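All remarks here apply to the structure that follows.
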Amino acid sequence: MNAKPDVRLPAVSVIMPVLNEERHLRGAVQAILAQEYAGEMEVVIALGPSTDRTDEIAAELVAEDPRVHTVPNPTGRTPAALNAAIKASRHPVVVRVDGHGMLSPDYITTAVRLLEETGAQNVGGLMHAEGENDWEHAVAAAMTSKIGVGNAAFHTGGEAAPAETVYLGVFRREALERQGGYNEEFIRAQDWELNFRIREAGGLIWFSPELKVSYRPRPSVRALARQYKDYGRWRHVVARYHSGSINLRYLAPPTAVCAIAAGVVAGVVLTPWGFVIPGGYLAAIAAGSVPAGKGLPLKARLQIPLALATMHMSWGWGFLTSPKALAKKVIESRRPAVLSSH
């Protein structure tokens, strides 16, 4: 901890929405407090209604370091947590971190420099998925491969450049306040939706591979399927709310679900040739898992096709079954929460 922060550097508020994060919370906060950043810094943890030891660990962290504070988030919803933490924070640069995300040591220093160099309203980098067992290693490989997530730079890497969205993000507070913060109706995809509004208002979103946050994948097939179903479901809400915001990458999973279902039906009812479509898909993900699993243990490599299929099919199914009522509710709400200025 810096006894005397460098006043020439902008002060930074790190905001963290948490719910049932006893496994990773302490490590995530310690990675923030250990940042190689000479400026003033605070950490605001928004506490949802956890059923594990998250609140107890958060209280310990507050007692151990005066830079750490907490704020309640009774809804448990991520966008509400983020807005509550933004309101309770006070500094001109706002860094979003999740309770299971680990910042690289120079993350904040690099992000502040990039904000200055690019003039961006939000900068972000790589979602560096890292597993702790064979299944998580398989999911991490799937999440960082083009066959798994397409050409999303914050998953697969790439050159520094303007982007549609970035992972988590480091914002100028003025951009958040101008947009009224996160739209609390978006249970998922709130990052993409906020970045879309920032871009529509003329702001720049900047991706840089210099920024890296370690991410812990979901620990089971069921949890991964639920995560990606929610992603697809809420990405369709964004598409309905912001017309023209969809592209071919987002249409690939629902198209695959429809094609595979049609192939299976055709194979059963009409001709065995129908099975060529699902068979071709399985062959493609099996082939794509080979380079994705390079360097991993055999047990992890063998699970990559299952991780890929779970991600694709769950996202596509969520997109296809996303009810119009969700978008209608969001459209009727129109505006995100209003944030008070500091």
Side-chain angles (χ1 to χ4, degrees), residues 16-21 23-25 27-28 31-32 78 95-107 110-111 123-158 163-170 188-192 207-232 234-235 249-250 252-253 285 288-315 318:
M16 179 183 284
V18 298
L19 180 69
N20 294 326
E21 289 286 2
R23 183 180 172 193
H24 299 299
L25 179 58
I32 296 167
T78 299
V95 180
R96 178 186 169 177
V97 184
D98 284 342
H100 47 271
M102 307 293 171
L103 298 186
S104 53
D106 62 347
Y107 184 88
T110 303
V123 299
L126 289 168
M127 179 182 181
H128 185 63
E130 294 181 320
E132 296 182 339
N133 54 44
D134 288 327
W135 167 250
E136 291 180 3
H137 286 314
V139 176
M143 292 179 70
T144 53
S145 68
K146 289 190 176 181
I147 193 172
V149 294
N151 61 353
F154 68 86
H155 280 296
T156 61
E164 288 185 344
T165 191
V166 290
Y167 181 52
L168 301 178
V170 177
R188 294 286 185 270
Q190 67 275 155
D191 292 311
W192 204 101
F207 166 81
S208 173
E210 292 183 78
L211 297 171
K212 185 171 75 172
V213 181
S214 294
Y215 169 85
R216 300 292 184 252
R218 295 296 192 270
S220 67
V221 175
R222 184 177 180 180
L224 182 68
R226 187 185 307 117
Q227 177 188 20
Y228 272 78
K229 180 184 175 183
D230 284 346
Y231 283 171
W234 284 94
R235 188 62 189 82
R249 178 165 67 89
Y250 296 112
I285 62 172
S289 70
V290 174
K294 188 176 180 181
L296 292 180
L298 177 61
K299 202 170 179 182
R301 295 201 305 270
L302 293 175
Q303 295 182 77
I304 294 174
L306 176 58
L308 288 169
T310 301
M311 290 161 55
H312 294 162
M313 296 300 103
S314 299
W315 203 103

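The residues of the chain are indexed from 1 along the displayed sequence. All values reported here derive from a predicted model rather than from experimental measurement. Values below: all heavy atoms of this structure, side chains included; hydrogens, waters and symmetry mates excluded.
For Asp230, the side chain to side chain donor-acceptor pair (under 3.5 Å) test picks out no residue, with sequence neighbours left out. Remark: Glu130 pairs with His128, Ser214, Arg216 by the side-chain contact (heavy atoms from CB on, under 4.5 Å) rule, at least two apart or across chains. Applying the side chain to side chain donor-acceptor pair (under 3.5 Å) criterion to Tyr215, with sequence neighbours excluded, gives Arg218, Gln227. Contacts of Ala309 classified as side-chain contact (heavy atoms from CB on, under 4.5 Å), with partners at least two apart in sequence or in another chain: Tyr281, Ile285. Evaluation of the side-chain contact (heavy atoms from CB on, under 4.5 Å) rule for Leu296 yields His137, Ala141, Ala300, Arg301, Ile304 as partners, not counting sequence neighbours. Residues forming a salt bridge (charged side-chain N to carboxylate O under 4.0 Å, His left out) with Arg23 (at least two apart in sequence, or on another chain): Glu132, Glu136. Every residue two or more places apart in sequence or in another chain that forms a side chain to side chain donor-acceptor pair (under 3.5 Å) with Asn20 is listed here: Thr51. For the side chain to side chain donor-acceptor pair (under 3.5 Å) test, residues two or more places apart in sequence or in another chain that qualify with His100 are Glu21. A search for side-chain contact (heavy atoms from CB on, under 4.5 Å) contacts involving Val290 returns nothing, not counting sequence neighbours.
Taking each heavy atom of Ala129 and Pro217 in turn, the nearest pair found is CB-CG, 4.4 Å.
Using a distance-only test at 3.5 Å, with no hydrogens or angles considered, no donor-acceptor pair links the side chain of His312 to the main chain of Ala252. No donor-acceptor pair under 3.5 Å is formed between the side chain of Ser104 and the backbone N or O of Asp106. Between the side chain of Ser145 and the backbone N or O of Ala142 there is at least one donor-acceptor pair closer than 3.5 Å.
Met127 places none of its side-chain heavy atoms less than 4.5 Å from the side chain of Val213. Looking only at side-chain heavy atoms (C-beta outward), Val123 and Ser208 stay at 4.5 Å or farther from each other. Side-chain atoms of Asp191 and Arg96, non-hydrogen and from C-beta on, do get closer than 4.5 Å to each other. Within the 4.5 Å cutoff, the side chain of Thr165 has no heavy atoms near those of the Phe207 side chain.
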Going through the checks in order, is the side chain to side chain contact (heavy atoms under 4.5 Å, CB included) test met by His24 and Asp98? CA-CA 10 Å; His24 299 299; Asp98 284 342; over 6 Å; no
Passes side chain to side chain contact (heavy atoms under 4.5 Å, CB included), Asp134 versus Gln303? Steps please. CA-CA 8 Å; Asp134 288 327; Gln303 295 182 77; 3.6 Å; yes
Check step by step if side chain to side chain contact (heavy atoms under 4.5 Å, CB included) holds for Tyr167 and Leu126. CA-CA 7 Å; Tyr167 181 52; Leu126 289 168; over 6 Å; no
Let me see the working for Ile32 and Tyr107 under side chain to side chain contact (heavy atoms under 4.5 Å, CB included), right down to the final yes or no. CA-CA 9 Å; Ile32 296 167; Tyr107 184 88; over 6 Å; no
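Considering OH of Tyr231 and CE of Met311, their distance stands at 9.5 Å, rounded to 0.5 Å. Rounded to the nearest 0.5 Å, atoms CG (Leu19) and CG (Leu25) are 11.5 Å apart.
Stacking of Arg235 on the aromatic ring of Trp192 is recorded, both the 6.0 Å distance cut-off and the 45° axial limit being met.
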